[in-house]
Amino acid sequence: MPVEEFVAGWISGALGLVLGHPFDTVKLLGFFKGMSFPIASIALVNSVLFGVYSNSLLALTATSHQERRTQPPSYTHVFIAGCTGGFLQAYFLAPFDLIKVRLQNQTEPRGQLGGPPPRYRGPMHCAASIFQKEGPRGLFRGAWALTLRDTPTLGIYFVTYEVLCRQYTPEGQNPSSATVLVAGGFAGIASWVTATPLDVIKSRMQMDGLKRRAYQGVLDCMVSSVRQEGPGVFFRGVTINSARAFPVNAVTFLSYEYLLRWG
Ligand SMILES: CN(C)C(=N)NCCC[C@H](N)C(=O)O
């Protein structure tokens, strides 16, 4: 199994994250104050995504990354490989994403003299307390919704990238840097716009049960969210998700492509 795609995915994920840092800081308040935890987690998840995607394409089409410019895979194969990568990366992402959402929704004021201490003091403390209170399965709360979010949308991600690259690249040639940046950016937007409805549900499932259990499952969470807040609930956060997705994924794809060309 070729491993260079995993390594390139690791480095490109870390570079994309650095670029998305200001957006994540806005979204997550203190979570990204230290960069080591998000870099380690997102780089690992991106490495799984790109490594599994490329190896699935290799299994489906018997072409390596370099050969795919002269013998491009069908969009159906790209979609299946993207969905496979999305499905597997969701399980690696689940505990990290849970910690992110729990810290993001922590409402206790931080470090105020005389005030109540925050429930979680940081990512490691958050992971340890979930593990202690809910066991190892607790760290995978919301993983099913995350899988539903990421499996099809990562298929869409890679198909959008391939369609745009092929559209603006002469046959048999490598896409230019500008093409990779634009195609990567729009791939990020397409995946996040389609992922946002289940992203909202996933975050609610991850917070459920902290005080009391409100939802029976993913479907119940969807139905009660729409009943209470209307269909607009599914698009909460879509603007910030898209604004962040363009630069993050432009840089992720550019660095991924270049690392594999030099490697
Ligand atoms: C859930 N969705 C839509 C995705 N995971 N899309 C792929 C983009 C991955 C990139 N690290 C990012 O955070 O934008």
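Every number for a ligand or one of its atoms is a count from 1 in the order of the listing.
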Minimum heavy-atom separation for Ala94 to Phe140, with atom names? CB-CD2, 3.8 Å
Residue set satisfying salt bridge (charged side-chain N to carboxylate O under 4.0 Å, His left out) with Glu229, at least two apart, ordered chain then number -> Arg204, Arg236
Please identify each residue that fulfils ring-ring contact (aromatic ring centres under 6.0 Å, His included) with Tyr168, with sequence neighbours left out. none
What residues form a ring-ring contact (aromatic ring centres under 6.0 Å, His included) with Tyr256, not counting sequence neighbours? Phe50, His65
Taking NZ, NE, NH1 and NH2 as the nitrogens, is one of them in Glu257 or Arg69 under 4.0 Å from a carboxylate oxygen of the other? yes
By chain and number, the residues contacting ligand 1 below 4.0 angstrom (heavy atoms only) are Arg149, Asp150, Leu154, Tyr157, Ser191, Trp192, Ala195, Arg244, Asn249
What's the spacing between Ser242 OG and Phe246 CZ if we round to 0.5 Å? 11.5 Å
